[in-house]
Asks: 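Here it is, the structure, as structure tokens.
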Amino acid sequence: MEVLKALDLDLLNDNQREAVNVFNGPLLIAAGPGSGKTRVIACRTANMIINNGIAPEEILLITFSKKAANEMQERIVGMIGELNLPFIGTFHSLCLRILRTYYFKLSLNKNFKIYDPADQIHLMQKIIHDVKDKSLRELLDRISVCKNNLLTPLEAPGEIQEAYRQYQSALKEENAVDFDDIIFKTYQLLNKFPEVLEKLSFKYLMVDEYQDTNKAQYEVLKLLAKRDKNICVIGDADQSIYAFRGANIRNFLNFGEDFTDLKLIKLEQNYRSSPQIIKGAEAVIEGNSDHMQRNLWTEKAEGRRVVLCNASNEKAEADYIIKTIQVYMGGISRYDIEADRVSDVASGYGFSDFAVLYRTHMQGKILEELFLKSGIPFQQIGAENFYNKSEIKDVLCYLRAVFDPSDETALLRIINKPVRGIGAVTIEKIRLYAKNLGIPFYQACQELDTLPLNDENKKSLAEFIKIFEEFRLMATKEKLSDLIKNICEKNQIFDLYKDKKRQDNIFGLLGFSVQFDLLPPFKGLENFIFETAFMQDKDIYDENKNAVTLLTLHASKGLEFPVVFIAGAEEGLIPYKHSEEVLMNEPEERRLFYVGMTRAKDELHIIHTNERNLFGENIKIELSRFVRDIPSEFLEKKEHVLKNRRKKSKNEDQLTIW
DNA sequence: CAGCGCACTATTTTT
DNA sequence: TAGTGCGCTG
């Protein structure tokens, strides 16, 4: 009874309550921004388990990101306690789990590896020589699109067929799959082997952020839902921003065609933003022809109008943001032109209540620079994928190699790190030797007697093998975190990376690893490797940290902040223009801007500049067409100029006019 | 094999 | 403009 009460179904609005109580048959929940989506999903799950006796194993809950999965899990635990929990995770984690169980049905080996984008490039380099990484990336992206659309090499466009085919056979040879394969192969598995499908226990499916599902994911879903048809998808077509990754809004708009007798529930009450922000955002999204009319409303009190600030250039833009935050945080009083209002709010906010959103990472750079100068604590998300940071990647590759020495990509990365006299030439010799004998690379390394190397090289190699074997032994006996510490020490990783930020990253990874210490040593290592395969910056970022968050519009999806700044609201940036006259998919760009706007709870500041430095050249730039769609009555207009342009002047950053 | 210096290219979004 | 990548030299 105690638990039942915790569900608080009475606190839900009528539509939410209905969504929480309908379990059977296909259900589409069209949930506007801030409409309490997460809450509904969590309540619905708890309601199923507690009030309706549905077994957790029968429930499958798919989220868009790992972070969202964690949040959802916490939320549900908060309601039902640490009971048995349903599976909560991303498409990738679900499919990986299925593949790990049924790998043998496909021609996969046990312990197949997962290649991340960097590994993909390495692999592609082996197939196509003397081509720039960037072109390889482009090629891989095209292959990715094929996989997302369930196209095999034979079905792929002619120009990339051969590359795709060779890439797949190279992956197979290295016993690896890439991110897209995880979905594609799961589809093939479930499609070909009904008995596997039958064995899966899921009877009730829920998919969050459904508008960003691609074809491959959708087909997997259809298979999973085939028997029981209890599928509930939740999302908002206006927030679909991943078309470039193969997401297809048609999956959302045409859901009813695949699932007849569809029930539709709309969540239109917004619990997040002030009326001004909602009105402004709706004015923008209504510019899309495929926008479905709806009535987003709120009971929240009137707030400030959307602030539209015209800054002279990108430095003035950053300055405006910084000064505004400082004012709210009570740092500077001489700018208190709106004194009464400022003193109103200043007390309540912490640094973590502010976020700066931008279209491209390059904008984040200037902001980072000036934030650093200002002394305001901040954290930047995703400028580089966490796992792409070289120091993290090094440690992870050590672990991967230790876990599975046949992981050649990983082994090669660390074999000469730190420098131990095993350079490119030596590696090539070993590789050739291995190839001739048809043996794995690491095995070749161990055949010191017959390897065609000089004594110097052999000595280096022998030393490497010795230390490496120590790690392998340790991996079976010691805690994961100790293994990592040891690897860092013995390889002088911290000498290699003297930069404090990089060292902190490694400590971050180490901190994350501690939770795997509870598992038996080798198992802990294994799980850690699988977990980090999809790891992202976002997953590491700490929302409780007292810092302003800097992030891209894409990365802002699913988050909310009391005060949001959208920087660079300019033609060319949003909508983004790819040099020349090639404009990006305008409706999608509009949705992206909409997503950004709707992150704001109390205040939204949109900033645009007159001039922006691109490539060391100052380019005149105009206000974004999306902003022009916001009626003036919802706007509060401002200007911000950096007055003093003398270089290195001590006063430079203080002379500001409001 | 590693470090340095020159030259060239780059700016979309990511599970 | 600035960061990277390649090639040359020690």
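In what follows, every chain begins at residue 1, and chains take the letters A, B, ... in the order their sequences are listed.
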Asks: Do Glu571(A) side-chain atoms and Arg625(A) backbone N/O form a donor-acceptor pair below 3.5 Å?
Replies: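 Checking the backbone N and O of Arg625(A) against the side chain of Glu571(A), a donor-acceptor pair under 3.5 Å is found.
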Asks: Check whether any side-chain heavy atom of His122(A) lies under 4.5 Å from a side-chain heavy atom of Glu174(A), and answer yes or no.
Replies: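 No. Closest side-chain heavy atoms not under 4.5 Å.
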Asks: For Leu614(A) and dA10(B), give me the distance from atom CG to atom P, rounded to whole Å.
Replies: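 Computing the Leu614(A):CG to dA10(B):P distance gives 15 Å.
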Asks: Quick check: does any side chain N or O of Glu589(A) sit under 3.5 Å from a backbone N or O of Tyr576(A), one acting as donor and the other as acceptor?
Replies: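 Checked: pair present.
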Asks: Could you tell me how far apart Asn313(A) (CG) and dT1(C) (P) are, to the nearest whole angstrom?
Replies: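 From Asn313(A) CG to dT1(C) P: 16 Å.
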Asks: Under the criterion salt bridge (charged side-chain N to carboxylate O under 4.0 Å, His left out), I'd like the reasoning laid out for Glu368(A) against Lys365(A): C-alpha separation, chi angles, the key distance, then a yes or no.
Replies: CA-CA 5 Å; Glu368(A) 180 188 8; Lys365(A) 266 196 164 166; over 6 Å; no
Asks: Which value, in whole Å, describes the distance between the P atoms of nucleotides dT4(C) and dT13(B)?
Replies: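 Going atom to atom, P in each nucleotide, I get 16 Å.
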Asks: Pull out every stem in DNA chain B, meaning runs of 3 or more consecutive Watson-Crick or G-U wobble pairs with both distances under 3.5 Å.
Replies: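 Runs of three or more consecutive pairs: B:1-10 with C:1-10.
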Asks: With DNA chain B as reference, determine whether Glu589(A) or Thr63(A) sits nearer its 5' end, using the nearest nucleotide of each.
Replies: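 Looking at the nearest nucleotide for each, Glu589(A) comes out on the 5' side.
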Asks: Measure CG/Leu140(A) against C1'/dT14(B) and give the value in whole Å, please.
Replies: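 Whole-Å distance recorded here is 14 Å.
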Asks: Out of dT14(B), dG3(C), dT12(B), which has the shortest distance to the side chain of Phe244(A)?
Replies: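 Selected nucleotide: dT14(B).
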Asks: Could you tell me whether Arg100(A) sits above the aromatic face of Phe112(A), with NZ or CZ closer than 6.0 angstrom to the six-membered ring centre and within 45 degrees of the axis?
Replies: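 The answer is yes; both the distance and angle limits are met.
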Asks: Within the structure, does a side-chain N or O atom of His361(A) lie under 4.0 Å from either OP1 or OP2 of dG3(C)?
Replies: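 No, His361(A) has no side-chain N/O under 4.0 Å of OP1/OP2 on dG3(C).
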Asks: For a quick test of reading the model: is some side-chain N or O of Thr552(A) closer than 4.0 Å to OP1 or OP2 of dT14(B)?
Replies: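 Checking dT14(B) against Thr552(A), a side-chain N or O does come within under 4.0 Å of OP1 or OP2.
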Asks: Any chance the rings of Tyr594(A) and His291(A) have centres within less than 6.0 Å?
Replies: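 Between Tyr594(A) and His291(A), the centre distance exceeds or equals 6.0 Å.
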Asks: What is the distance, rounded to the nearest whole Å, between atom CZ of Arg137(A) and atom P of dT14(B)?
Replies: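 About 13 Å, once rounded to whole Å.
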Asks: When the distance from CG of Asn613(A) to P of dG3(C) is rounded to whole Å, what number comes out?
Replies: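 In whole Å, dG3(C) P and Asn613(A) CG are 13 Å from each other.
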Asks: Could you tell me the separation between the NE2 atom of His92(A) and the P atom of dT14(B), rounded to a whole number of Å?
Replies: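 It is 15 Å, rounded to the nearest whole Å.
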Asks: Between Tyr576(A) and dT12(B), is there a contact of a side-chain N or O with OP1 or OP2 at under 4.0 Å?
Replies: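 Yes, Tyr576(A) has a side-chain N/O under 4.0 Å of OP1/OP2 on dT12(B).
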Asks: Can you tell me how far P of dA10(B) sits from CD1 of Ile619(A), to the nearest Å?
Replies: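 In whole Å, dA10(B) P lies 17 Å from Ile619(A) CD1.
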Asks: Counting C-beta onward and ignoring hydrogens, is there a side-chain heavy-atom pair between Phe441(A) and Ile415(A) closer than 4.5 Å?
Replies: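 When only atoms from C-beta onward are counted, Ile415(A) and Phe441(A) do touch, with a gap below 4.5 Å.
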Asks: Checking contacts here: which listed nucleotide (dC1(B), dG3(C), dT14(B)) is nearest the side-chain heavy atoms of Lys365(A)?
Replies: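 Nearest listed nucleotide: dG3(C).
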Asks: Measure from NZ on Lys577(A) to P on dT13(B) and round the result to the nearest Å.
Replies: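 My rounded result for the distance is 18 Å.
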